[in-house]
Peer 1: 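Handing you a structure now.
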Amino acid sequence: MLGKLDWSAIPFDQPIPLVAGGVVLVAILGVLAWVVVRGHLPYLWHEWITSVDHKRIGVMYILLASVMLLRGGSDAIMMRIQQAVAYQSQGYLPPEHYNQIFSAHGTIMIFFVAMPFVIGLMNLVVPLQLGVRDVAFPTLNSVGFWLTATGALLVNLSLVIGEFARTGWLAFPPLSGLSYSPGVGVDYYAWSLQISGVGTLVAGINLVTTVLKLRTKGMNYLRMPMFCWTTLASNLLIVAAFPILTATLAMLLLDRYLGFHFFTNEAGGNVMMFMNLIWAWGHPEVYILVLPAFGIFSEVVSTFSGKALFGYRSMVLATMAICVISFMVWLHHFFTMGAGPDVNAIFGIASMIIAVPTGVKIYNWLFTMYGGRIRFATPMLWAVGFMVTFIIGGLTGVLVAVPPADFMLHNSMFLVAHFHNVIIGGVLFGAFAGFEYWFPKAFGFRLDERWGKAAFWFTFVGFYVTFMPLYIAGMLGMTRRLQHYDVAAWRPWMFVAAFGMAVLSVGVICQIMQLVVSIRNREALRDRTGDPWDGRSLEWATSSPPPVFNFAFNPDVRGEDAYWDMKAKAQQQSLEHDEPEYQDIEMPRNSPTGFVCAFFATIMGFALIWHIWWMVMVGGVGAFATFVVFAWRDHDEYVIPAAEVARIDRVNLEERRSLVSMAGAV
Amino acid sequence: MSMTATAGHAHADPHHIGLVIEHPGPASKRIVTAYGFWVFLLSDIVMFSCFFAAYAVLVHQTADGPKGSEIFEQRNVAIETVCLLLSSFTCGMASIAADVRNRFWFYLGMTVTCVLGLIFLVIEFREFADLVARGYGPSRSAFLSSFFSLVGCHGLHVSAGVLWLLTMMAQVFAKGFRADVLRRMMCFALFWHALDIIWVGVFSVVYLLGSAV
């Protein structure tokens with residue numbers, strides 16, 4: 001009846017996950033109770049859960065990422081403490097548990113923090129920058145988000161019901177095969193990634209179509225803001241790479257569930273094929289994450305330098321070059337596994353070549369700043385911090401791309417330091433920059449600058465104190481994933497890293513404080529003009545937060561930096577315009593399809609993990625029925641009357657005119 | 001003013017030879033839907049290519065089990081191929097019928113497509129069941145694992161296609177040829193034709209090359 005599920009699945013003998021799970025459960029129940037008692041449930045349901053508005057969905061993605069960042073961060077803290085105390089002793093974590101923690105940390109940070117964060121920002125901003133009302137497929141967008149949330153839920157469920165994988169974040173066979181991992185850990189891993197992977201693919205298709213087919217009049221390819229270009233590149237990579245992950249995990253699951261022999265040691269299975277397949281997805285994945293961050297830095301650097309982006313066209317070219325080359329380097333992840341010198345040399349050279357377009361980008365940002373009027377607001381701090389940090393990460397990357405050097409550094413702490421260097425210094429700094437930069441657009445008030453700067457400095461310094469020692473430990477021969485060790489030389493560096501982790505945590509607390517303080521002072525921080533940073537692209541041309549239809553009129557674009565041009569022209573010409581003729585606007589209706597579909601997907605995923613076959617059927621039939629019901633509805637749009645559009649738009653126009661005339665007077 | 005500016009460009013450059021062509025604005029819903037679905041199909045083909053690659057890597061790993069030439073029956077495969085190619089034609093007829101809003105020919109075209117699809121599935125299922133009964137199931141060898149997965153994945157797509165086909169017929173029955181129903185029909189047709197293209201790959205790589213080994 002319940003498959004493999006029984007009381008032994010709940011780890012009563014392990015206090016840490018049980019207490020953590022209990023606390024989370026109490027917190028969730030508390031929030032739910034508060035929502036219900038205060039009568040917020042209808043609001044949440046109608047305005048957020050069933051919303052198909054790309055801005056709301058973007059915000060929900062970022063919220064999911066932030067919550068999971070805390071979860072993944074707690075795992076990181078536990079690991080740093082373990083390695084600091086586990087010199088010639090077992091430390092405080094049993095090996096079983098420690099292995100689950102490092103696997104969960106990697107899985108969560110990549111799939112449920114970095115991915116939702118960048119997809120959230122792209123969802124929030126790209127339609128605004130393109131000057132359109134919505135993404136290509138609004139309801140599908142909601143489905144994509146909720147499926148991602150399902151994946152995150154399943155990973156967290158593994159904390160209290162059953163176990164998580166002990167295989168590392170990519171679950172290499174044969175360790176992840178049935179004979180070496182007979183428990184449900186790998187199944188949790190694989191099904192949560194399969195489900196959230198579908199969500200990611202949907203988001204990718206949606207954003208590719210949006211950028212290629214839904215641009216406002218005059219928004220030629222070479223007038224698109226840089227963030228739209230990197231979004232396009234990143235989502236093309238999603239569409240091309242995520243099906244590889246789906247296929248690979250499907251093969252792994254067939255091995256585990258039905259005794260197939262793709263990756264087993266018997267009957268002709270081939271483990272190296274898993275390495276090739278998973279990294280053919282995994283390497284582009286790195287660029288799926290970092291390309292949007294590059295786009296954010298381009299926007300931020302140009303805005304806060306008060307200059308157009310230097311070398312716009314070379315930036316476009318570099319972005320698309322990275323998009324293509326990132327598919328040609330995957331083998332550098334297993335130089336040491338006997339592919340031979342010729343193959344290694346080719347992939348080593350390809351890996352080094354990718355540094356060229358990346359270098360082009362760095363120089364372009366530097367030249368954008370050169371001679372500009374730079375304002376060091378918080379987003380700009382993250383951008384400058386990124387440039388320094390990412391160069392170090394990139395240089396160590398080129399070092400590891402040299403096959404002979406890689407033979408020494410493979411699977412060492414040096415490697416751990418390198419990829420944290422680029423992922424934190426690149427993706428996370430970019431996510432934070434974008435968060436600070438676009439927060440006023442999403443919510444209509446700015447974030448507190450003092451707490452923001454404190455968060456930056458603690459995170460920045462904390463990052464260096466944590467990860468530079470790991471480079472040294474790697475040089476001293478320390479390998480990754482060690483539960484305990486006997487080499488005295490490594491110990492001081494582990495202490496420094498643990499201290500750095502504490503500094504980083506202060507940065508996180510500052511970030512939370514920043515939110516709390518800003519929300520409390522939101523009236524003082526209110527942005528009435530919709531253009532708090534003196535921005536250059538179209539998202540700043542509408543009010544903050546934007547109305548549900550984004551723009552009362554689809555903007556007409558005449559060049560790069562569309563909104564900057566509009567402001568300049570408005571200053572030259574007289575500001576007195578006649579009232580424009582407003583028209584009715586059709587917008588897509590809200591739909592619970594995404595939420596209901598994810599509900600059934602959760603049931604199905606859970607049932608598959610525990611082999612509860614009747615429940616799998618329930619989930620599958622439910623998900624299909626949801627789509628049929630959705631396909632059967634008669635009215636998928638509603639009309640906002642012209643008078644209502646006019647009422648909403650007039651307020652914004654007034655504010656904007658006073659802003660421009662003030663700027664003109666100066 | 002902006003209208004005239006764009007129109008002026010169009011006149012100055014009637015054949016769109018110049019580099020600067022003003023983007024006319026968002027595409028129509030029909031184009032956006034079809035485009036998005038194309039992108040999905042491309043991603044689906046990437047997924048299939050992984051199974052093709054796995055098959056190519058594992059095709060000789062028979063673990064002393066049967067080789068392809070010992071288990072493939074050309075006659076079955078030929079019937080399957082004919083069914084699928086014919087069904088693509090009838091699906092095309094149904095699409096045209098939908099475009100001219102002719103219910104009779106639409107239902108007829110879709111019904112024949114469905115029947116042909118089901119015949120394909122029955123033959124494939126019997127082939128699989130027969131192999132398993134002879135002890136040549138997917139867990140016999142890595143070669144058979146990859147064979148069952150690649151061909152089975154295509155079969156799974158055909159099954160989903162049949163389910164979708166029936167849903168489309170019900171939709172036309174209940175809603176008529178509404179714009180959104182027509183857009184879905186267009187996506188279904190793309191999907192069905194794509195299955196054909198993938199089958200040509202399966203047919204060539206698995207059955208034709210496999211029989212020669």
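In what follows, every chain begins at residue 1, and chains take the letters A, B, ... in the order their sequences are listed.
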Peer 1: Is it true that the NZ or CZ of A/Arg215 lies under 6.0 Å from the centre of A/Tyr221's six-membered ring and within 45 degrees of the ring axis?
Peer 2: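 Satisfied, under 6.0 Å and within 45°.
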
Peer 1: Using the salt bridge (Lys or Arg N to Asp or Glu O under 4.0 Å) rule, take A/Asp636 and A/Arg589 through it: C-alpha gap first, then chi angles, then the decisive distance, then the call.
Peer 2: CA-CA 5 Å; A/Asp636 52 356; A/Arg589 284 175 93 88; over 6 Å; no

Peer 1: Please confirm whether B/His157 and B/Phe48 have ring centers closer than 6.0 angstrom.
Peer 2: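 B/His157 vs B/Phe48: aromatic centres under 6.0 Å.
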
Peer 1: Who wins among A/Ala247, A/Ala280, A/Ala240, A/Gly131 for the most heavy-atom pairs under 4.5 Å with chain B?
Peer 2: A/Ala247

Peer 1: Mind ranking B/Ala170, B/Ala142, B/Gly65 by heavy-atom pairs under 4.5 Å with chain A and telling me who comes out on top?
Peer 2: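 Most heavy-atom pairs under 4.5 Å with chain A: B/Ala142.
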
Peer 1: What part of B/Arg178 gets within 4.5 angstrom of chain A, counting heavy atoms only: side chain, backbone, both, or neither?
Peer 2: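 For B/Arg178, the contact with chain A is made by the side chain alone.
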
Peer 1: With chain B as the partner chain, list the residues of residues 201-208 of chain A whose heavy atoms fall under 4.5 Å from it, by residue number, and write 'none' if nothing qualifies.
Peer 2: A/Leu201, A/Ile205, A/Val208

Peer 1: Sort A/Leu140 into side chain, backbone, both or neither according to what part of it lies under 4.5 angstrom from a heavy atom of chain B.
Peer 2: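 No part of it gets close to chain B.
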
Peer 1: At a heavy-atom distance under 4.5 Å, which candidate from B/Ser28, B/Ala63, B/Gly36, B/Ser49 has the highest pair count against chain A?
Peer 2: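 Max contact count across the listed options: B/Gly36.
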
Peer 1: With a 4.5 angstrom heavy-atom cut-off, could you sort out which part of A/Phe137 is near chain B: side chain, backbone, both or neither?
Peer 2: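 The side chain, not the backbone.
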
Peer 1: Can you find a heavy atom in the side chain of A/Tyr638 that is under 4.5 Å from one in the side chain of A/Glu586?
Peer 2: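 Contact flag for A/Tyr638/A/Glu586 side chains = no.
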
Peer 1: Heavy-atom distance under 4.5 Å to chain B: side chain of A/Val239, backbone, both or neither?
Peer 2: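 Contact with chain B is through both the backbone and side chain of A/Val239.
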
Peer 1: Below 4.5 Å from any heavy atom of chain B, which atoms of A/Ala241 appear? Answer side chain, backbone, both or neither.
Peer 2: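 When you check distances to chain B, no heavy atom of A/Ala241 falls under 4.5 Å.
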
Peer 1: Given B/Phe188, which of B/Phe106, B/Phe37, B/Trp164 fulfils the ring pair (Phe, Tyr, Trp, His ring centres under 6.0 Å) condition?
Peer 2: B/Trp164

Peer 1: So which part of A/Phe627 gets closer than 4.5 Å to some heavy atom of chain B, the side chain, the backbone, both or neither?
Peer 2: neither

Peer 1: Among B/Ser149, B/Gly137, B/Ala174, B/Cys153, who wins on heavy-atom pairs under 4.5 Å with chain A?
Peer 2: B/Ser149

Peer 1: Examine whether an atom of A/Leu277 lies under 4.5 Å from a heavy atom of chain B, and if so say whether it belongs to the side chain, the backbone or both; otherwise answer neither.
Peer 2: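 When you check distances to chain B, only side chain atoms of A/Leu277 fall under 4.5 Å.
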
Peer 1: Please state whether the side chain, the backbone, both or neither of A/Leu214 comes within less than 4.5 Å of a heavy atom of chain B.
Peer 2: both

Peer 1: So what's closer than 4.5 Å to chain A heavy atoms on B/Leu144: side chain, backbone, both or neither?
Peer 2: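 No part of it gets close to chain A.
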
Peer 1: Testing B/Phe120, B/Phe148, B/Phe51 one by one against B/His154 for a ring pair (Phe, Tyr, Trp, His ring centres under 6.0 Å), which residue passes?
Peer 2: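 Passing option: B/Phe120.
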
Peer 1: Identify which part of A/Asp255 has an atom lying under 4.5 Å from any heavy atom of chain B, answering side chain, backbone, both or neither.
Peer 2: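 Nothing of A/Asp255, per the 4.5 Å heavy-atom cut-off to chain B.
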
Peer 1: Would you say the side chains of B/Trp192 and B/Thr113 form a donor-acceptor pair under 3.5 Å?
Peer 2: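 Judged by distance alone, the side chains do not pair up.
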
Peer 1: B/Arg101 versus B/Leu182: any side-chain heavy-atom pair under 4.5 Å?
Peer 2: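 Touching, per the 4.5 Å side-chain cut-off.
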
Peer 1: Which label fits B/Phe147 and B/Phe72: parallel for a plane angle under 30°, tilted from 30 to 60°, or perpendicular past 60°?
Peer 2: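 Rings of B/Phe147 and B/Phe72: tilted, as their planes differ by 30° to 60°.
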
Peer 1: Go through the atoms of B/Leu58 and report whether side chain, backbone, both or neither lie under 4.5 Å from a heavy atom of chain A.
Peer 2: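 Contact with chain A is through the side chain of B/Leu58 alone.
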
Peer 1: Judged by modelled atom types alone, do A/Asn270 and A/His261 share a side-chain donor-acceptor pair under 3.5 Å?
Peer 2: no

Peer 1: Side chain of A/Asn220, backbone of A/Arg223: donor and acceptor closer than 3.5 Å?
Peer 2: no

Peer 1: Over 60° means perpendicular and under 30° means parallel, so classify the ring planes of B/Trp199 and B/Tyr207, tilted if in between.
Peer 2: tilted

Peer 1: Pick one: which of A/Phe263, A/Trp279, A/Phe334 meets ring pair (Phe, Tyr, Trp, His ring centres under 6.0 Å) with A/Phe274?
Peer 2: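 Answer after filtering A/Phe263, A/Trp279, A/Phe334: A/Phe263.
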
